[in-house]
2 protein chains.
Amino acid sequence: MTPILKSFAALSDETRLMIVDQLITEGELPAGDLAPGAGISAPAISRHLKVLREAGLVTQRADGTRRLYSARPEGLRMIAEWTQSRRTFWEGSLKRLEAALMEDGA
Amino acid sequence: MTPILKSFAALSDETRLMIVDQLITEGELPAGDLAPGAGISAPAISRHLKVLREAGLVTQRADGTRRLYSARPEGLRMIAEWTQSRRTFWEGSLKRLEAALMEDGA
DNA sequence: CCTTTATTTAACATTTCATTTAATTAACAT
DNA sequence: ATGTTAATTAAATGAAATGTTAAATAAAGG
């Protein structure tokens, strides 16, 4: 599975999107602080965090028995770059198409 | 289901990502031309195209018995904007954090 | 009309994914 | 050592997604 695909898959779940949003807005948080907001059990959150970790969208560090999670900006950057590269190409194509039509029309 | 979630979900499948890429690079194509490259049956492609349509990532127009599909730039733009807004916020947070640490340190 | 071509819908089997409860691991405090 | 808290892993279950073949729909052409 290609990295960009993994990123999209990781963010295609509402719970995981909320987790990432929370980590971005509130900063580093222990796993336990993420469960209540999502309204599901701790094991479920733990699994979601694993998916996000494997997609490179969050990082984990230990602090005693707690696991502190943070958003990982490089993960978001990958998505931004993928999207941007496509948009750029697409808009370039449009310009070429326009030019071709102008020639035909003239 | 929120629009951005639908977009991510639509692009979390390898076949659909390939379809979008192909439409972006090659321009408008009939449904039938997308199946061979993906190595799956026409009905399967048709379903993927439906998902992409409902996510606003492609558009369809009729031409006789054929259905011509194109990538839809607004769809990509939504993803770009979502990602960018998070990155911006995140980087802003980093700056504020740095500033706070500097104050403490001084 | 009847046939052909392009695509979609239906029905069904299979796989994958998300969640829950129960069990396990790890750190810490008494 | 023992118990407690935080988190993850395991096992089981139900729901959703994906693919296939067969049937339905729709436009075009003889």
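Protein chains get the first letters and strands the later ones, always in sequence-line order, with residue 1 at the start of each. Side-chain atoms are counted along with the backbone in the values below, which use heavy atoms only and exclude waters and symmetry mates.
A/A44 comes within 4.0 angstrom of a base, heavy atoms only. No engagement by B/E14 is indicated, since no non-hydrogen atom pair under 4.0 Å with the nucleic acid exists.
Taking a pair as Watson-Crick or G-U wobble with both distances under 3.5 Å, the runs of three or more consecutive pairs in DNA chain C are C:1-30 with D:1-30.
OP1 or OP2 of C/dT8 sits under 4.0 Å from a side-chain N or O of B/S46. Of the side-chain N and O atoms in B/Y69, one or more sit less than 4.0 angstrom from OP1 or OP2 of C/dT8. Between A/Q60 and the phosphate of D/dA7, there is no side-chain N or O to OP1/OP2 separation shorter than 4.0 Å. Within the 4.0 Å cut-off from OP1 or OP2 of D/dA17, not a single side-chain nitrogen or oxygen of B/H48 is found. Considering only side-chain N and O atoms, A/S41 lies under 4.0 angstrom from the phosphate OP1 or OP2 of C/dT20. Between A/R47 and the phosphate of C/dC17, there is no side-chain N or O to OP1/OP2 separation shorter than 4.0 Å.
In this structure, the CE atom of A/M1 is 12 Å from the P atom of C/dT16, given to the nearest Å. Between A/L68 atom CG and D/dT5 atom P there is a gap of 19 Å when expressed in whole angstrom units. To the nearest angstrom, C1' of C/dT5 lies 13 Å from CG of B/D63. The interatomic distance linking A/I45 (CD1) with C/dA18 (P) rounds to 12 Å, in whole Å. Nucleotide C/dT7 holds its P atom 13 Å from the CZ atom of B/R61, rounded to whole Å. Atom C1' of nucleotide D/dA17 and atom NZ of B/K6 are separated by 15 Å, given to the nearest angstrom. As rounded to whole Å, 10 Å separates atom C1' of C/dT20 from atom CD1 of A/I40. Taking atom NZ of B/K50 as the reference point, atom C1' of C/dA10 lies 11 Å away to the nearest angstrom.
In this structure, A/F8 and A/W82 have perpendicular ring planes: the angle between them is above 60°, well past the 30° mark.
Under a 4.0 Å N-O distance rule, the pair B/K95/B/E91 does not qualify as a salt bridge.
The listed nucleotides are C/dT7, D/dA7, C/dT19; the one nearest the side chain of A/T15 is C/dT19. Closest contact between the side chain of A/T65 and the listed nucleotides D/dT5, C/dT19, D/dT8 involves D/dT5. Comparing atom distances between the B/P43 side chain and each of D/dT18, C/dA26, D/dT21 picks out D/dT21 as nearest.
Each of A/D13 and A/R67 has a nearest nucleotide on DNA chain C; the 5'-most of these lies closest to A/D13.
Contact check for B/D13 versus B/V51: no side-chain heavy atoms found under the 4.5 Å cut-off. Taking the side chain as every heavy atom from C-beta outward, A/H48 and A/I19 approach each other to under 4.5 Å. Contact check for A/R86 versus B/D21: side-chain heavy atoms found under the 4.5 Å cut-off. No side-chain heavy atom of B/D33 sits less than 4.5 Å from a side-chain heavy atom of B/E26.
Within 6.0 Å of CD in A/E14 there are 12 or fewer heavy atoms belonging to other residues, nucleotides or ligands.
Partner of A/Y69 under the side chain to side chain contact (heavy atoms under 4.5 Å, CB included) criterion, chosen from A/V58, A/I45, A/T59: A/V58.
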